[in-house]
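Notes follow once the structure below has been shown.
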Amino acid sequence: GESVGLHLPTLSVQEGDNSIINCAYSNSASDYFIWYKQESGKGPQFIIDIRSNMDKRQGQRVTVLLNKTVKHLSLQIAATQPGDSAVYFCAENTGAGSYQLTFGKGTKLSVIP
Amino acid sequence: NAGVTQTPKFQVLKTGQSMTLQCAQDMNHEYMSWYRQDPGMGLRLIHYSVGAGITDQGEVPNGYNVSRSTTEDFPLRLLSAAPSQTSVYFCASSIRDRSYFGPGTRLTVT
């Protein structure tokens, strides 16, 4: 059968446009969510996080939205730049001092100059 | 601060060989962890440690051993490498819910 996860979802956007990357999480008990950016050949790099008592959090050019009803997370990148090209992962953490992260499969963002 | 460092960057092993992947952090974080990343997938937790002398299993611990004798170091041992362990391995250290990842070790088992 087909192996889940071998084909990475991709998103291509024009430089200057906004990007929206989506993620579905699995554990209703998760109370902390993080978005990571991974450039080729490097480890994941923290972008932004959000706790389950919030619906929205903004950073510099990035916004994370959390919909606990449907267990959905999104990352919005404003004015996407070529340097934003990378694979983006969402991760969930059950909190309470636990640092065990469960990662989504990732989305590859390609920015067209 | 160097952050989280990992050695080696690349390694090729034959089936049955053993090796240790090194991980060190200079941020004095109590929590450290090892993940593996397979093509087209997110990271999966192998083992973690909440402090010196304390380790526990993650999602995919089989075939790997860890120990934590100091706060700074958290080595990952493969006792008898198998082709299924071909992957990229990332070490992370964490504090206040924030995890910092090393640059990774790309391991190929033939």
Side-chain angles (χ1 to χ4, degrees), chain A residues 2-11 21-27 30-54 57 59 64 73 75 86-108, chain B residues 2-10 21 23-25 27 29-51 54-61 66 68 74 84 86-106:
Chain A
E2 182 179 3
S3 297
V4 176
L6 287 181
H7 304 288
L8 202 60
T10 58
L11 175 66
I21 300 171
N22 297 304
C23 176
Y25 64 92
S26 56
N27 190 344
S30 296
D31 64 356
Y32 178 61
F33 304 88
I34 314 105
W35 280 99
Y36 285 93
K37 173 185 181 182
Q38 187 177 27
E39 297 174 285
S40 181
K42 296 184 178 180
Q45 179 184 7
F46 173 91
I47 303 173
I48 191 168
D49 57 2
I50 188 169
R51 297 205 174 273
S52 58
N53 61 353
M54 302 172 69
R57 189 165 189 216
V64 55
L73 201 64
L75 176 70
V87 177
Y88 290 81
F89 294 96
C90 65
E92 57 186 296
N93 183 326
T94 54
S98 166
Y99 300 103
Q100 299 175 56
L101 300 174
T102 299
F103 281 80
K105 290 184 170 55
T107 296
K108 183 175 182 179
Chain B
V4 180
T5 58
Q6 292 183 239
T7 56
K9 282 190 178 300
F10 302 95
L21 280 64
C23 174
Q25 53 97 2
M27 298 176 281
H29 292 168
E30 291 296 325
Y31 192 95
M32 297 184 73
S33 49
W34 276 101
Y35 292 83
R36 61 177 286 173
Q37 184 176 32
D38 298 305
M41 295 184 71
L43 282 68
R44 291 183 293 168
L45 182 65
I46 304 172
H47 284 286
Y48 64 96
S49 169
V50 299
I54 306 169
T55 64
D56 207 343
Q57 297 181 348
E59 179 186 354
V60 288
V66 291
R68 184 94 179 272
F74 190 42
S84 61
T86 293
S87 191
V88 182
Y89 291 85
F90 290 98
C91 176
S93 72
S94 308
I95 189 167
R96 290 192 292 271
D97 291 329
R98 186 74 60 89
S99 292
Y100 301 84
F101 287 85
T105 293
R106 184 174 293 274

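Chain A is the first sequence line, chain B the second, and so forth, proteins listed ahead of strands; every chain is numbered from 1. What you are looking at is a predicted structure, and each value in this text was computed from that prediction instead of being measured.
Residues A:P44 and B:Y35 have side chains not in contact (no heavy-atom distance under 4.5 Å, counting atoms from C-beta outward).
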Does B:R98 form a side chain to side chain contact (heavy atoms under 4.5 Å, CB included) with A:D49? I'd like the steps, not just the answer.
CA-CA 9 Å; B:R98 186 74 60 89; A:D49 57 2; 4.1 Å; yes

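Looking at A:Q45, there are no atoms closer than 4.5 Å to chain B (heavy atoms on both sides), in backbone or side chain. Heavy-atom distances place both the backbone and the side chain of B:S99 under 4.5 Å from chain A. Of the two parts of B:Q37, only the side chain, counted from C-beta on, holds a non-hydrogen atom closer than 4.5 Å to a non-hydrogen atom of chain A.
With respect to chain A, the highest number of heavy-atom pairs below 4.5 Å among B:L45, B:V4, B:L43 belongs to B:L43. Of the listed residues B:K9, B:R96, B:R44, the one with more heavy-atom pairs under 4.5 angstrom with chain A than any other is B:R96.
Rounding to the nearest 0.5 angstrom, the gap separating the CZ atom in B:F90 from the NZ atom in A:K42 is 11.5 Å.
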